[in-house]
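See below for the structure under consideration.
Numbering of ligands and ligand atoms starts at 1, following listing order.
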Amino acid sequence: MEKVKIAILGFGNVGTGVWKILLENKKEIMKRSNYEIEVTKILVKDINKKRDIAVAPGILTNNIDDIINDESIKIVVELIGGCSEAKDYMIRAMKSKKHIVTANKLAIANWSKELFKIADTENVLFYYEASVAGGIPIIREINESLTANRIEQIVGIINGTTNYILSKMTLDGSSFDEALKEAQDKGYAEADPTSDVDGYDAVYKLAIMSSLAFGTEVDHDCIYREGIRNISAVDIEYAKKFGYTIKLLAIAKEINNKLELRVHPTLIPSTHPMANVNDVYNSIMIKGNAVGELMLYGKGAGDLPTGSAVVGDIISILRNNIKPVDLTETSCTVEFKEVKKARENESEFYIRLDFKDKEGVLGDTANIFGENNVSIVSITQDVERGDHSSLAFITHKSEEKNIRNSLNKIIQLDSVNNVESIIRIESFN
Ligand code: HSE
């Protein structure tokens, strides 16, 4: 069987996962790809670092030129992660006629146009399945399996760290800080958790999925973003009372040729299957105009799940016989689609006010909502300490600007102390 030499850039969690899969599933991979894969070089920062995995001498290098200048290496697997160094290495590798597999969502979300163009010019393949939702084969699903459809919407739990935190808060009654600490202790959250808890990671992943699904270039800066830091135990309890569970959702919808793109904490019906996606698991629901609704569920991170996506991409390249091929899969055919401003988006809302329990407050509040075309579905009130009470509302579907206009007036009522929470609801209609 013909041998193919590949190089891996980065030997952290995912890199070692790829190594383990190539070893463990060697026979199956040979059968399916028709090649024997040999990892000849692995780029690391420190060659002498103590590692759990024994690698033959000479494989580890800290010099990228050892890989770029080696003509026998046909595929470069980039697993360094989100930095311009990774982008630079991928470009140099493509210019040396090497195919690329990457898990780098930051690089794809920021520089896909440039990277795909170089792949096109150099006639090499560029695969990035592992950049979104780890082991869930979502890129291939959109690019291959669903090409007969017009995609109408994608709704997903695509960040495992925040899903772990929210699951802990919902199921165990932990506070945000306790759940975050636990996620950090288990290695699910970084010491600086900003990228996950403030929603950036999900925004990058949503930008990649929606560009492919809607055939347009999505600038991740155009995606509305809200993280989970302000979610409190009180809101989780109210959500339960109303029959909802709080999840960080990434939502992309095409409505009248305009895109609605947002990442934010969301109340979803507790009876929906996505409400039971817990721990670090991810799930993505796609609605196509022919297929209807599809739901994928699996591990969105981790050495073997993400490694599974990476090795799958390597095999795809090998199945193309590593010869120059038509690059329809990586070339972007783009059509401009406008992204709606957040104020124009429509959804149902959960709103919680802190108020002084006086006569007329409920009537005044309801009147202001009514004057601003916001219709209320349900209200619940809890008397708390002193002159602090909670009033929680669920609205019918409303434009976000009507909600904002209402709340700007409601906050001016003498009896209203504060607007504590505004959380959107997704009913999957
Ligand atoms: N930090 C990400 C998550 C994993 O929690 O889902 C890699 O994208």
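When the salt bridge (charged side-chain N to carboxylate O under 4.0 Å, His left out) test is applied to E400, the partners found at least two apart in sequence or on another chain are R404, R424.
The ligand atoms of ligand 1 that sit less than 4.0 angstrom from a heavy atom of N159 are 2 (C), 3 (C), 5 (O), 6 (O). When each atom of ligand 1 is checked for a heavy atom of T161 under 4.0 Å away, the hits are 1 (N), 3 (C), 5 (O). Counting atoms of ligand 1 from 1 in the listed order, those under 4.0 Å from a heavy atom of A301 are 4 (C). Close approach to G160 involves these atoms of ligand 1, each under 4.0 Å from a residue heavy atom: 3 (C), 5 (O), 6 (O).
For K205, the closest heavy-atom approach to ligand 1 falls below 4.0 Å.
If you check the side chains of S195 and E190, you find no donor sitting under 3.5 Å from an acceptor. With 3.5 Å as the limit, one finds no donor-acceptor pair spanning the side chains of N25 and K20. Residues S316 and R140 have side chains that bring a donor and an acceptor to within less than 3.5 angstrom of each other.
Contacts with ligand 1 closer than 4.0 Å are made by side-chain heavy atoms of D196 only, the backbone lying farther away. Under 4.0 angstrom from ligand 1, there are no non-hydrogen atoms of V280.
N402 places none of its side-chain heavy atoms less than 4.5 Å from the side chain of F369.
In terms of polar-atom proximity, K105 is counted as a contact of ligand 1, with an N or O under 3.5 Å from an N or O of the ligand. Between N282 and ligand 1, a contact under 3.5 Å exists for no N or O pair.
Judged by the 6.0 Å distance and 45° axis criteria, K241 is positioned over the aromatic ring of Y238.
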Checklist entry - side-chain hydrogen bond (donor to acceptor under 3.5 Å, both in side chains) between S398 and H396: does it pass, once the steps are laid out? => result CA-CA 6 Å; S398 312; H396 276 293; over 6 Å; no
